Amino acid sequence: MAEKNSTISWRVFNMFLVLVVVILTTIIAYVYERVDGQRYRASLRGDLTQQASILRATMEGKLAQSAEIVKTVATLIDADPAVIDGRLSMIIDELLGDDSILRDIAIAPDLVVRHVYPLKGNETVLGLDYTKNREQFVAISQALAIGATVVAGPVKLVQGGEGFIIRTPVLSDNPDKQWWGIVSGVINTSTFYKLTGLANHSPQFDVALRGKDGTGANGAVFYGSDAVFRNDPVLTDVIFPNGSWQMAIAPKGGWPAHPPNFDHTRLIFILGALLTIFFVLTASRLAQKREQAENLLASAVDAVDAGLALFDENDYLVACNSTFQSYYGGKINLTNPRRRFIDILKDIANSKTIPEAIGREEEWVAERIHLHRQATSSTERLLGDGRWIRIEERRTPDGGTATVTVDITALKKAKEQAEQANRAKTEFLNTVTHELRTPLTVILGFTPLLANSHKLPSARKLQEALEKNPVDAQAIRRCADDLTEEISRYASSMDKAGRHLLSLINDILDLSKAESGLLALNPSACQRDRIVQEIVEQFQPTAEGKGLVLNFEPSGSTIMADRIRLNQILVNLVGNALKFTDYGEIRITTEDDSDFVKICVHDTGCGIPKESITDIFSVFTQADNSDTRRATGTGLGLAISRKLVELHGGRIWVESEPGKGSTFCFTMPKPGRA
């Protein structure tokens, strides 16, 4: 009878042990699956964010390129309306080259289409009166009201199909009429979707666009399904002149609740539970092996990647792994298996490992207890060593608490880097806007003077000389020379501003091509000395004007490079050296570097602060972003140079110290290496 009762007791005890193991494994599996699921969804969201950035950049580049063409045509007409009957057709043919996605360009003096390029296939557009087309007149009115380029669409086209329309108003030189007319460029939606990658994106996710006519997040959906925006998508704004679209991208079929290996993970946990049960039952039958079974269970808990701590219904510590202890630098007492949660909290607060608890230990402990008593809680903490951790707590079915601590330092740093990149982009856009506005102000300021040259002071003096004494050739010649000099001075300023504007636009287009992978190289064997000599001759007048010595050390090196792009790299580096060097010299050197040739530009300028060196080659970063910076420009020169060097298979770097000058070096492959 006693033996029978003993057997029953063992069976009950074994069943109890099995139940404990099942509960413990369930908690671990639940927490692990939750953390793993969050990590997987975060990774998936990061991939979609990257894809969205690529699509956004491509769309913005295409729209910016097309808008620039339309604005160029409008500028030409604004400068000389007679160009319509002259060489405008030839200019538009060049602008609408192989790279442009514009279908056609329509010119509408007094808002009636009189010219369209190309004419073939667009004959039905001629004679279109925008004032009688309500849908198009609304968008045209917006362009006229703000006096700038706008993007409308998608709209049904008169010549058939669907497209986006880029419109730029043209000023009138008639004082009784504010606007001469409008210039419109048409992009087929199908062509746009195809070339930007929207039409052939991965079948693993859905993409939708909203903001018809550039109305952004408040506009109607015109590409994809409205359901994408309700599926917690990754959102990004596509910015273009005076408007924007909002793009949403989300996994097809919704966000997965679990990672692809979910079933395998559960199977692993089930197998682990079965193995644990086997060892626990073995330990219950064989007392002498109890310690071995306990160590095995402790090892299983310690194998969890995250920090894990389990508390019973009375808040006494049941178990924790070494990862959990490592977060507090071994400064808290966890050796007592009957240690209470509040005692552990006090040790943590007094250990100075949590900066926010220093000086307010009691308040911090009270806040932490409040979170701990909730059914579920999640909080983030900064540790004294700079790491960030996320603490998640869940109540177990028996009233205990499972605490999982995960190191999220990498995620925090990624977020900070993204925010820093966004700030750098904003500063870059502000700089570009300022730099573009400056030459445009010069051009627009002098254009009315040249258009009304008879009102210039020298012109009036010439007129007075003719009226006063038309036979005084010497006086008339002096007045004519003064008029010619004044007009030449204004034209020279406009030419300088125009070239500066063209340089800025070329930098932006080069960077856009490089970022999107559309920049092609034509490498050939080049004599390094000949190219450098041309650069020296180009910048020699500037150097002499500043009292600087500009020279190079001939080496006879031959490199394999695209001659035009190599010249562009050297122009950027030497130009920067001249900008930031007030005395001393600029020296160009070359030396062999295994399969490459190393080219260096040394200067004795102001140097670069140590904290700026790591970011100086970034796209949206300048060493000096202040409003009072000493050199103008978009700051894209070094970013473009880095892209060009990397496309050649080389690398670029800088060595600098404030007040002692800088040395910019890059490598180019030798002919045998290429």
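Every heavy atom of this structure was used, including side-chain atoms; hydrogens, water molecules and symmetry mates were not. Because the structure is predicted, anything quoted here is derived from the model rather than measured.
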Test item: [X] side-chain N/O and [Y] main-chain N/O as donor-acceptor pair under 3.5 Å:
| X | Y | value |
| --- | --- | --- |
| Glu60 | Ile239 | yes |
| Asp104 | Pro118 | no |
| Ser66 | Leu63 | no |
| Thr149 | Pro241 | no |
| Thr168 | Val183 | no |
| His648 | Met560 | no |
| Ser43 | Arg39 | no |
| Trp180 | Asp78 | no |
| Trp179 | Pro169 | no |

Which atom names give the shortest non-hydrogen contact between [X] and [Y], and what distance separates them?
| X | Y | answer |
| --- | --- | --- |
| Pro233 | Arg45 | O-NH1, 3.6 Å |
| Ser656 | Ser662 | OG-OG, 2.7 Å |
| Met668 | Ala561 | SD-CB, 3.9 Å |
| Ser225 | Val221 | C-CG1, 4.3 Å |
| Gly650 | Thr667 | CA-OG1, 3.4 Å |
| Ala577 | Val601 | CB-CG1, 4.3 Å |

Side chain to side chain contact (heavy atoms under 4.5 Å, CB included) evaluation trace for Thr196 with Leu55: CA-CA 7 Å; Thr196 57; Leu55 292 174; 5.8 Å; no
Point-to-point distance, once rounded to the nearest 0.5 Å, from [atom1] of [X] to [atom2] of [Y]:
| X | Y | atom1 | atom2 | result |
| --- | --- | --- | --- | --- |
| Gln51 | Thr236 | CD | OG1 | 12.0 Å |
| Leu195 | Ile101 | CG | CD1 | 6.5 Å |
| Thr58 | Leu198 | OG1 | CG | 9.0 Å |
| Leu573 | Gln568 | CG | CD | 10.5 Å |
| Phe664 | Trp653 | CZ | CH2 | 12.5 Å |
| Leu570 | Ile535 | CG | CD1 | 5.5 Å |

Exercise answer: donor-acceptor pairs, residues 186-194 side-chain atoms, under 3.5 Å, sequence neighbours excluded:
| unit_1 | atom_1 | unit_2 | atom_2 | d |
| --- | --- | --- | --- | --- |
| Asn188 | OD1 | Arg103 | NH1 | 3.1 |
| Thr189 | OG1 | Glu162 | O | 3.3 |
| Thr189 | OG1 | Glu162 | OE1 | 3.4 |

Can you check whether [X] reaches [Y] side chain to side chain, under 4.5 Å on heavy atoms?
| X | Y | value |
| --- | --- | --- |
| Leu638 | Val654 | no |
| Leu157 | Val155 | yes |
| Leu209 | Met59 | yes |
| Phe205 | Leu44 | no |
| Leu102 | Val70 | yes |
| Phe222 | Asp213 | no |
| Gln38 | Glu392 | yes |
| Pro154 | Lys212 | yes |

Sub-6.0 Å ring centroid separation between Trp245 and Tyr223: no
Dump the intermediate steps for salt bridge (Lys or Arg N to Asp or Glu O under 4.0 Å) on Lys643 and Glu646, then the final yes or no. CA-CA 5 Å; Lys643 289 288 185 181; Glu646 290 175 352; 5.1 Å; no
So, Asn572 and Ser641: side-chain donor and acceptor under 3.5 Å apart, yes or no?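 Yes.
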Passing option when Ile182 is tested against Val170, Val113, Leu144 for side-chain contact (heavy atoms from CB on, under 4.5 Å): Leu144
Taking salt bridge (charged side-chain N to carboxylate O under 4.0 Å, His left out) as the definition, give me every residue that meets it alongside Asp226, ordered by chain and number, with sequence neighbours left out. Arg230
Given the rule in the side chain to side chain contact (heavy atoms under 4.5 Å, CB included) test, do Asp93 and Tyr117 qualify, once you have shown the distances and angles that lead to the verdict? CA-CA 8 Å; Asp93 286 341; Tyr117 305 88; 5.5 Å; no
Is there a side chain to side chain contact (heavy atoms under 4.5 Å, CB included) between Asp206 and Asn231? Walk through the geometry before answering. CA-CA 10 Å; Asp206 293 319; Asn231 190 24; over 6 Å; no
List the steps and the verdict of side chain to side chain contact (heavy atoms under 4.5 Å, CB included) for Leu111 and Phe137. CA-CA 9 Å; Leu111 305 187; Phe137 185 69; 3.9 Å; yes
